[in-house]
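Report on the following structure.
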Amino acid sequence: MYFQTRILFVSFIATVILAIFIIPILKKLKIGQIERKEGPESHLGKKGTPTMGGIIIAAGIIVGTIGGYIYYSTTDPIIGKKLFPLLLISIGFGAIGFIDDYKKLVLKNTKGLKPSSKMLGLLIISVLFTLYLLKGANLGTATIIPFTKQVLILPVLIYIPFAIFVMLGTTNAVNLTDGIDGLSTSISAIITTCLTVIAIILDVKEIVVFGSIIVGACLGFLIFNLNTAQVFMGDTGSLLLGGVISAMALYLQMPLILLIIAAIPVVETISVVLQVIYFKKTGGKRLFKMAPLHHHFELSGWKENKVVSIFCIFTLMLCIIGLCSI
């Protein structure tokens with residue numbers, strides 16, 4: 001565990017240093033946040049805040065992964081090599097978000113990447129990682145059921161679409177959670193920490209190392225992302241973190257545990273779905289004051305910091321329950 005602690009700090013420090021240099025560049029290039037007119041009025045003051053900051057998280061993760069590879073190249077080369085597929089998949093999801101952010105913020109195409117093109121890109125990355133799990137890592141289709149201690153062996157033809165659904169669902173859920181200063185980063189850090197602890201319990205060393213790197217990068221970015229945020233992660237960061245969380249859970253053969261530890265992003269997604277259905281069924285009435293759910297609480301009088309704190313507390317408690325389920 002001594003090395004894992006060190007690599008977390010390496011990732012943390014690297015992310016902080018990178019942020020110090022990259023944020024001014026984003027400001028200079030005028031890559032600023034575009035606030036929706038239909039969004040909360042309190043968010044209008046955020047317009048122009050540097051975004052696409054997910055590249056800072058990605059860069060921090062790359063530095064940490066390289067450091068991990070160098071260390072394990074002499075002690076345990078197999079673990080070192082297993083870090084790179086996890087890195088590539090994470091960067092792959094982030095790249096889809098980067099293209100979307102680039103079109104919106106640099107090319108000034110407010111619609112960004114077409115939803116169909118975005119989903120296709122995420123689908124391709126999900127398929128590649130699923131095939132890696134089956135053929136590259138040879139992990140098989142075993143899926144651990146929380147609380148029961150039972151292992152369900154899924155047929156390959158069922159496991160593949162299931163794994164893809166988990167990845168697409170998680171990336172989009174984390175993406176929807178990214179709407180308040182520090183919210184998505186904080187929740188992702190807590191969930192990733194939980195998955196890393198599970199990896200320690202199950203002795204999956206590559207996930208312990210990679211999870212430590214992710215936590216360090218999230219904490220480093222959080223310094224600049226807390227209210228009032230100096231930088232936003234954009235889709236570059238939210239899709240990357242969603243991909244990381246789903247990839248770690250699938251690698252640990254515990255995707256079902258996300259229903260517990262990632263319940264906040266799940267509920268955020270459900271709130272959007274319910275809002276759309278209710279709006280259509282009632283001819284324009286709203287179930288929530290605004291969706292995703294964090295905006296409903298904002299419009300109910302909660303300050304951003306309170307929303308983040310409460311959501312993080314719930315996530316922490318859910319992660320403790322998740323740890324008790326293995």
Side-chain angles (χ1 to χ4, degrees), residues 8 11-13 15-20 22-23 26-27 31-36 39-40 42-61 94 97 101 170-171 173-194 214-242 244-245 261-269 271 290-319:
L8 186 153
S11 177
F12 171 79
I13 293 170
T15 304
V16 170
I17 294 173
L18 287 163
I20 291 171
I22 292 175
I23 291 174
L26 294 175
K27 285 183 179 179
I31 302 177
Q33 178 77 355
I34 301 173
E35 288 296 336
R36 297 176 301 152
S42 60
H43 286 209
L44 296 177
K46 301 175 186 288
K47 185 177 180 180
T49 302
T51 189
M52 226 159 85
I55 58 177
I56 298 170
I57 300 174
I61 294 171
D101 285 338
T170 307
T171 51
V174 174
N175 183 239
L176 288 172
T177 308
D178 183 31
I180 292 180
D181 296 3
L183 180 61
S184 188
T185 313
S186 301
I187 288 177
S188 295
I190 295 170
I191 294 171
T192 305
T193 300
C194 180
I214 300 299
V215 172
C218 284
L219 294 177
F221 184 75
L222 197 56
I223 288 178
F224 305 90
N225 188 230
L226 287 172
N227 189 265
T228 303
Q230 300 175 49
V231 65
F232 299 132
M233 67 169 69
D235 283 5
T236 307
S238 60
L239 293 182
L240 183 152
L241 292 177
V244 164
I245 290 169
I261 67 175
I264 291 296
V266 171
V267 170
E268 292 268 54
T269 304
S271 72
M290 187 176 290
L293 192 60
H294 55 259
H295 288 322
H296 171 80
F297 287 111
E298 272 192 284
L299 295 179
S300 297
W302 289 23
K303 299 294 184 182
E304 284 192 47
N305 286 337
K306 181 177 180 179
V307 176
V308 174
S309 299
I310 298 297
F311 278 35
C312 284
I313 290 170
F314 268 100
T315 300
L316 182 59
M317 296 304 296
L318 290 166
C319 284

Given side chains that start at C-beta, do those of [X] and [Y] come closer than 4.5 Å, heavy atoms only?
{"X": "Thr170", "Y": "Pro265", "result": "no"}
{"X": "Ile23", "Y": "Ile56", "result": "yes"}
{"X": "Leu26", "Y": "Thr51", "result": "no"}
{"X": "Cys218", "Y": "Leu241", "result": "yes"}
{"X": "Val215", "Y": "Phe12", "result": "no"}

*asked:* Apply side-chain contact (heavy atoms from CB on, under 4.5 Å) to residues Trp302 and Ile310 and explain how you reach the verdict.
replied: CA-CA 10 Å; Trp302 289 23; Ile310 298 297; 3.9 Å; yes
In Å and rounded to the nearest 0.5 Å, what is the [atom1] to [atom2] distance from [X] to [Y]?
{"X": "Leu219", "Y": "Ile57", "atom1": "CG", "atom2": "CD1", "answer": "10.5 Å"}
{"X": "Thr15", "Y": "Phe224", "atom1": "OG1", "atom2": "CZ", "answer": "9.5 Å"}
{"X": "Leu183", "Y": "His294", "atom1": "CG", "atom2": "NE2", "answer": "6.5 Å"}
{"X": "Ile20", "Y": "Gln230", "atom1": "CD1", "atom2": "CD", "answer": "9.5 Å"}
{"X": "Ile214", "Y": "Leu8", "atom1": "CD1", "atom2": "CG", "answer": "10.5 Å"}
{"X": "Met233", "Y": "Asp178", "atom1": "CE", "atom2": "CG", "answer": "5.0 Å"}

Hey, is the main chain of [Y] close enough, under 3.5 Å, to the side chain of [X] for a donor-acceptor pair?
{"X": "Asp101", "Y": "Asp235", "answer": "yes"}
{"X": "Glu304", "Y": "Asp181", "answer": "yes"}
{"X": "Ser271", "Y": "Leu293", "answer": "yes"}
{"X": "Thr236", "Y": "Met52", "answer": "no"}

Out of Val308, Thr315, Leu316, which residue meets the side-chain contact (heavy atoms from CB on, under 4.5 Å) rule with Ile187?
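One option only clears the test, and that one is Thr315.
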* Asked: Name the one of Leu18, Ile22, Leu240 that satisfies side-chain contact (heavy atoms from CB on, under 4.5 Å) with Ile55?
  ->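 That would be Ile22; it is the only one of Leu18, Ile22, Leu240 passing the side-chain contact (heavy atoms from CB on, under 4.5 Å) with Ile55.
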query = What do the steps show when you test Ile261 against Ile245 for side-chain contact (heavy atoms from CB on, under 4.5 Å), and what is the final call?
reply = CA-CA 10 Å; Ile261 67 175; Ile245 290 169; over 6 Å; no
Considering all heavy atoms, the nearest [X]-[Y] contact:
{"X": "Ala217", "Y": "Ser11", "result": "N-OG, 3.1 Å"}
{"X": "Phe221", "Y": "Gly53", "result": "CE1-O, 3.4 Å"}
{"X": "His295", "Y": "Gly179", "result": "CE1-O, 3.8 Å"}

Practice task
List the steps, then state whether side-chain contact (heavy atoms from CB on, under 4.5 Å) holds for Asn175 with Thr171.
Solution key: CA-CA 6 Å; Asn175 183 239; Thr171 51; over 6 Å; no
Fill in: From CA spacing to verdict: side-chain contact (heavy atoms from CB on, under 4.5 Å), Lys303, Asn227
CA-CA 10 Å; Lys303 299 294 184 182; Asn227 189 265; over 6 Å; no
